[in-house]
Amino acid sequence: MDPQPNFDQFCLKRILMNDTQRKMIAVEGNFKGLPEPAVVVIEKYAFDEASVLNVCNAQTKLKKNLDNDIYKSFSCVPQYDENIPSNKMDLIYPATDKHILKFLSQSMYCVQETEEMYQTITLLHILDNSLSLQWVYNCLEYKSEKERIAYDTASENQKDDEDNGFLLLPDLKWSGKLNELYLLAIIKKRNIKSLRDLTTDHLPLLKNILNKGSAAIYKLYGVQQSQLRTYVHYQPSFYHFHVHFTYLMHTPPGINVGRAHLLTTIINNIEMQGNYYQKATLDYVIKESDPLFSRFEEKGIL
Ligand code: M7G
């Protein structure tokens with residue numbers, strides 16, 4: 001596919017999700033002449049404080065919806081300014097069934113995953129059903145996003161970089177606005193799939209991410225560690241261990257209980273008990289069409 005997709009050739013198949021609170025819509029469709037489906041995710045950017053007068057000026061067209069005492073409400077079409085983008089668009093092509101399911105809105109269920117359920121059900125599912133990690137390896141091998149790297153522990157020439165090193169990158173979801181700050185620490189080591197694999201051995205790695213990741217963010221963006229939400233997803237979408245850093249005043253998707261685990265709590269739990277994440281029953285939310293849901297259903301667990 002060309003770097004610039006041609007939407008003249010796009011045929012919409014279905015709406016996967018319409019999140020009215022986030023002002024985001026995800027659709028599935030096909031580009032004529034291309035064999036695989038595509039997922040397109042469009043999200044409205046938050047208002048830019050500096051350009052608020054572009055919305056409230058003489059060129060703005062207003063249609064009155066309500067006028068009652070001191071209260072008035074309008075639909076408004078601001079003056080068009082092509083320098084101010086109003087939407088962010090992400091495109092996944094070719095999209096696999098797993099990508100389509102990731103965006104498909106559907107019923108959710110809460111699972112209490114015991115150590116045994118992880119070993120006998122979840123682990124098998126992860127091993128045969130995970131999304132490709134190619135984009136992660138491209139970052140780690142400096143083949144993609146090289147110029148976007150915010151911080152690389154390799155710059156410190158530490159001998160243990162292979163074990164305790166990581167790359168800090170702007171997350172795909174980040175609009176680039178400071179008040180929506182969203183960075184991702186991707187570890188260099190390749191054998192930690194998720195929270196479940198973490199033990200005492202990984203404390204230096206986890207502390208490195210917390211301390212050096214936060215310090216780099218402070219240096220680059222002026223946001224202090226205490227203003228960041230630093231967390232890990234369980235279950236994640238990608239089974240190569242990574243940590244999310246988001247600005248506390250911003251509420252991106254995936255920060256809810258049932259998915260997000262604070263990095264400081266993870267470190268504390270492992271310090272109390274080295275095999276905490278192998279032994280613990282972990283609660284999380286899964287979607288009905290997730291193949292993991294079917295595996296739990298077959299065993300009579302859900
Ligand atoms: P996750 O916890 O595995 O699942 O996070 P989630 O995607 O459901 O949150 C993976 C994170 O990697 C997400 O925050 C994605 O936005 C981000 N991400 C995914 N891809 C494919 C890329 C990419 O190509 N580049 C960057 N920089 N971030 C990505």
Side-chain angles (χ1 to χ4, degrees), residues 1 3 16-17 19 22 24 26 38-43 88-96 98-106 108 122 125-126 129-152 166-177 180-188 190 192-198 206 209 213 216-217 220 228-247 250-263 266 277 282 284-287 289-292:
M1 155 160 322
L16 298 171
M17 164 211 289
D19 185 332
R22 267 184 77 197
M24 175 189 141
V39 169
V40 183
V41 183
I42 309 167
E43 183 170 359
K88 170 178 185 289
M89 180 188 284
D90 297 334
L91 170 64
I92 305 175
Y93 180 85
T96 65
K98 283 172 246 159
H99 290 109
I100 293 168
L101 283 181
K102 180 168 149 70
F103 289 98
L104 186 64
S105 136
Q106 60 207 287
M108 313 236 253
T122 313
H125 159 79
I126 295 170
N129 224 313
S130 295
L131 286 171
S132 161
L133 295 176
Q134 194 54 54
W135 71 271
V136 174
Y137 300 145
N138 287 345
C139 293
L140 293 177
E141 290 162 18
Y142 307 103
K143 291 180 184 158
S144 305
E145 305 192 38
K146 191 174 172 211
E147 64 299 338
R148 283 162 47 91
I149 295 174
Y151 172 69
D152 181 349
F166 64 93
L167 288 183
L168 187 69
L169 282 160
D171 192 279
L172 180 68
K173 292 196 206 94
W174 189 15
S175 63
K177 293 189 178 144
E180 296 177 359
L181 183 134
Y182 196 146
L183 289 116
L184 201 63
I186 302 178
I187 63 161
K188 299 201 176 172
R190 299 206 180 187
I192 307 175
K193 292 183 287 306
S194 75
L195 193 57
R196 276 285 185 205
D197 289 336
L198 297 174
L206 299 175
I209 296 175
I217 290 175
L220 288 165
L228 292 170
R229 187 189 292 107
T230 305
Y231 57 98
V232 162
H233 282 152
Y234 192 74
Q235 299 287 335
S237 298
F238 299 97
Y239 290 88
H240 173 103
F241 188 72
H242 54 271
V243 175
H244 303 251
F245 288 86
T246 62
Y247 186 45
H250 176 50
T251 46
I255 60 168
N256 301 338
V257 286
R259 186 128 199 254
H261 296 253
L262 289 173
L263 182 58
I266 297 173
Y277 286 101
L282 296 177
Y284 55 85
V285 171
I286 52 173
K287 289 181 178 174
S289 59
D290 189 322
L292 183 57

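Keep in mind that what you see is a predicted model, and the values were worked out from it rather than measured. Counting convention: from 1, in listed order, for ligands and their atoms alike. Starting from 1, each residue takes its place in the sequence as its number.
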Set of residues that line ligand 1, where lining means a heavy atom lies under 4.0 Å from it: Lys102, Trp135, Glu145, Arg148, Pro170, Asp171, Leu172, Lys173, Tyr182, Leu184, His233, Pro236, Ser237, Phe238, His242, His244, Arg259
With distance as the sole criterion, is a donor-acceptor pair present between the side chains of Thr122 and His125 under 3.5 Å? no
Go through it in stages, so that I can follow the logic: the residues are Arg22 and Glu180, the test is salt bridge (charged side-chain N to carboxylate O under 4.0 Å, His left out), and I'd like the CA-CA distance, side-chain angles, deciding distance and then a yes or no. CA-CA 13 Å; Arg22 267 184 77 197; Glu180 296 177 359; over 6 Å; no
Might you confirm whether atom NZ of Lys98 has over 12 heavy atoms from other residues, nucleotides or ligands at distances under 6.0 Å? yes
May I ask you to decide if Thr251's main-chain N or O and Arg229's side chain share a donor-acceptor pair within less than 3.5 Å? no
Does some side-chain heavy atom of Tyr231 sit less than 4.5 Å from a side-chain heavy atom of Thr246? yes
Would you sort out whether His242 and His244 count as a ring pair (Phe, Tyr, Trp, His ring centres under 6.0 Å), showing the intermediate values? CA-CA 7 Å; His242 54 271; His244 303 251; 5.3 Å; yes
